[in-house]
Structure formats: structure tokens, C-alpha cells
Trainee: 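There's a structure below that I have some questions on.
Remember, it's a predicted structure, so these values are computed and weren't measured experimentally. For the numbers below, each heavy atom of this structure counts, side chains included, while hydrogens, waters and symmetry mates do not.
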Amino acid sequence: MQTEVDVNADLSQHVVVDTTSMDWEASPSGSVWRKPLYRQGGEFGPVTSIVKYEAGGKFRSHPHPQGEEIFVLEGEFCDDHGRYPAGSYILNPDGSQHAPYSDTGCILFVRLRQYDGADRKQLVINTDKSAWHQGMVEGLSVLPLYSQANYPENMALVRWQPDTYFPEHVHPGGEEILVLEGTFEDEHGQYPEGTWIRGPHMSRHKPYSREGCLIYVRVGGLPAN
């Protein structure tokens, strides 16, 4: 049996991963593959991954202790509760259960076992049909995905028009970004489409995009160093 090793498990470290250069790893289902970005404690600990379902790929019905978060990047994801096209955002709370599959194949961004709390709400959002709001600076648009009182995380899609610049700021509870389109930048580097970034608690940067980009962002929820 293959031993699941920890991946980027030190949450005090700044991490940048080019997901496009990673190889796919097999999952317990022979028709579902994954690229682990963060994993702690093996198959039954918290995990953040890019996940690929082959056409006809599926898992048997299973529960999700400590919740599950999904953003559909490509194709159509399905379970016994519905069908979710590209651009769908799903938050399944602690203790939820489903039997996921994909008839045509799909690629997902997934977080497992990172959202405990019995009173979290279940969310399904079609971002292609949702309203965007003006961001904090000119050229920035925000589509809120999840926030809930008494929980530290906030998730959103953020669209940067070309030559948009944001002031330097700090992130209590850290920040995680997946670049969905274009190139995101800050004083530490350039991050093209497919890049996953994790800044630890109290990380600081001055982000911008000269090309323009679309990013998924989660702020908060990482422990203090």
C-alpha cells in the first residue's frame, strides 16, 4: 500500500506551486486523479488539491467530516444532489454526505477537512450568474463566495483589470490564492494561470496585475506561527 506523505504541511511557510507542471497522482478511485497542494496526516487529514475526474469517474457515497469546498474549474461535476458546471462553487458542511461523479469529466479545486463547525451553511453558487461588486481600488471587481459569522475564512473571486495595483497590506490568518486566468503579481514574483500561493499568518505583500487576471482567494483561517 502506498503511504500518503505530507505536502506543504508547515503552515508557517510561504508556498508557491505551479500546478500545471505537477504530475497527476492516483486516488483510491481508479477513475479520479489529483495533484496535492497541501496534505497533513495522510488520506484522512486536511487536504487541498486539484482533482480530475475522468469521463465516468466516480466515488462511492461518503461523508465529509470537517466539510468540503469545491470550485469547478473545467467540465461538469455531479453528485446525488445536483449537477455543477464550470464556475460552480460548493461548500458542503461538516457531516454532509454525497456520491460524486462526472459523466463527461471535470477538473476541480478541492479542500477537504478544513471547515469544521456544525452550523456552517451549505452553499451552491453558479458564479457565471452571480453579481460582481466594485473592489477597494479602481480596476478591481469582487464576487463574494463565502463568509459566516464566528468563522475566520472569507472566500471570493477577484478580477483584476490590466494595470491594477493594490496597496501593501497584511493578512492576519493568512491568504491562499489560485490564479484562474492571466498573471497575478506582487513584489515577490509573477504567478501565471494555474499557480497556487499560500501566505502564512501575518504575511504581507503589495499585489498588482499588469496583464489582468482572475483569482480565487481565501483569507483567514491559518493558524498563528
Side-chain angles (χ1 to χ4, degrees), residues 1-9 11 17 19-130 145-146 148 151 153 155 157 176 178 180 194 196 198 216 218 221-222:
M1 175 183 285
Q2 181 179 359
T3 301
E4 299 290 344
V5 298
D6 287 354
V7 177
N8 296 321
L11 298 177
V17 177
T19 69
T20 65
S21 67
M22 299 175 67
D23 294 328
W24 292 103
E25 296 182 3
S27 77
S29 166
S31 54
V32 181
W33 302 82
R34 57 200 178 179
K35 296 179 179 182
L37 309 177
Y38 160 62
R39 181 168 60 208
Q40 192 168 17
E43 194 67 42
F44 299 100
V47 176
T48 300
S49 300
I50 304 295
V51 176
K52 179 174 69 173
Y53 281 68
E54 298 176 359
K58 61 184 178 180
F59 276 105
R60 288 182 288 184
S61 183
H62 58 272
H64 279 292
Q66 297 183 295
E68 174 188 47
E69 181 187 15
I70 298 170
F71 186 78
V72 183
L73 300 172
E74 299 178 19
E76 184 183 60
F77 174 70
C78 310
D79 64 15
D80 40 330
H81 307 296
R83 307 180 76 91
Y84 315 101
S88 296
Y89 176 83
I90 306 158
L91 186 76
N92 292 321
D94 189 1
S96 58
Q97 182 159 330
H98 68 166
Y101 64 97
S102 180
D103 293 327
T104 59
C106 65
I107 297 179
L108 315 173
F109 176 64
V110 180
R111 280 194 181 91
L112 300 175
R113 304 175 203 92
Q114 297 177 58
Y115 298 104
D116 56 357
D119 63 338
R120 286 189 191 265
K121 56 192 176 184
Q122 186 166 29
L123 286 178
V124 176
I125 300 172
N126 184 337
T127 64
D128 289 341
K129 298 181 179 179
S130 300
L145 297 174
Y146 175 85
Q148 188 171 340
Y151 292 106
E153 312 90 359
M155 285 79 96
L157 297 182
E176 295 183 54
L178 180 65
L180 303 175
W196 180 74
R198 186 182 71 205
Y216 163 92
R218 168 177 132 156
L222 295 180

Trainee: If we ignore hydrogens and angles and just use 3.5 Å, is the side chain of Glu54 paired with the main-chain N or O of Val32 as donor and acceptor?
Mentor: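 It does not hold such a pair.
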Trainee: Check this for me: does any side-chain nitrogen of one of Arg218 and Glu176 sit under 4.0 Å from a carboxylate oxygen of the other?
Mentor: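 Yes, Arg218 and Glu176 are salt-bridged.
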Trainee: Are more than 12 heavy atoms, taken from residues, nucleotides or ligands other than Lys129, located less than 6.0 Å from that residue's NZ atom?
Mentor: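 At most 12 heavy atoms, drawn from other residues, nucleotides or ligands, come within 6.0 Å of this atom.
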Trainee: I'd like to check Trp33 versus Ser27 (side-chain heavy atoms, cut-off strictly below 4.5 Å). Are they in contact?
Mentor: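 No, too far: nothing below the 4.5 Å cut-off.
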Trainee: Quick one: pull up CG in Leu37 and CG in Asn8 and give me the separation to the nearest 0.5 Å.
Mentor: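 Between Leu37 CG and Asn8 CG, I get 7.5 Å after rounding to 0.5 Å.
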Trainee: Roughly how far, to the nearest 0.5 Å, is the NE2 atom of His64 from the CG atom of Leu112?
Mentor: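 If we round to the nearest 0.5 Å, Leu112:CG and His64:NE2 are 6.0 Å apart.
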Trainee: Does any donor atom in the side chain of Tyr84 or Asp79 lie under 3.5 Å from an acceptor atom in the other side chain?
Mentor: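 Asp79 and Tyr84 do have a side-chain donor-acceptor pair below 3.5 Å.
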Trainee: Is the side chain of Ser31 donor-acceptor paired with the backbone N or O of Lys58 at a distance under 3.5 Å, no angle test?
Mentor: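 Yes: the side chain of Ser31 pairs with the backbone of Lys58.
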Trainee: Please list, chain by chain and in numerical order, all residues satisfying salt bridge (charged side-chain N to carboxylate O under 4.0 Å, His left out) with Asp116, sequence neighbours excluded.
Mentor: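 Asp116 satisfies salt bridge (charged side-chain N to carboxylate O under 4.0 Å, His left out) with no other residue.
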Trainee: So which heavy atom on Ala9 is nearest to which on Gln40, and how close?
Mentor: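 Distance-wise, the nearest heavy atoms are O-NE2, 3.8 Å.
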Trainee: When you measure from the centre of the six-membered ring of Phe77, is the NZ or CZ of Arg83 under 6.0 Å away and within 45° of the axis?
Mentor: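 No, Arg83 does not lie over the aromatic ring of Phe77.
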Trainee: Side chains of Tyr146 and Glu69: any donor to acceptor distance under 3.5 Å?
Mentor: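 Short answer, no.
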Trainee: For the atom pair OH (Tyr53) and SG (Cys78), what is the distance rounded to the nearest 0.5 Å?
Mentor: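 One finds 10.0 Å between OH of Tyr53 and SG of Cys78.
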Trainee: Just verifying a value: how many Å separate Gln122 CD and Ile90 CD1, rounded to the nearest 0.5 Å?
Mentor: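 The CD atom of Gln122 sits 9.0 Å away from the CD1 atom of Ile90.
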Trainee: Can you confirm whether or not the ring centre of Tyr216 sits under 6.0 Å from the ring centre of Phe109?
Mentor: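 Here the rings of Phe109 and Tyr216 have centres that are less than 6.0 Å from each other.
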Trainee: Quick one: list whatever passes salt bridge (charged side-chain N to carboxylate O under 4.0 Å, His left out) with Glu153, sequence neighbours left out.
Mentor: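 Expected list: Arg120.
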Trainee: Is a donor on one side and an acceptor on the other found under 3.5 Å between the side chain of Arg39 and the backbone of Val5?
Mentor: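 Side chain of Arg39 to backbone of Val5, a donor-acceptor pair under 3.5 Å: yes, one is there.
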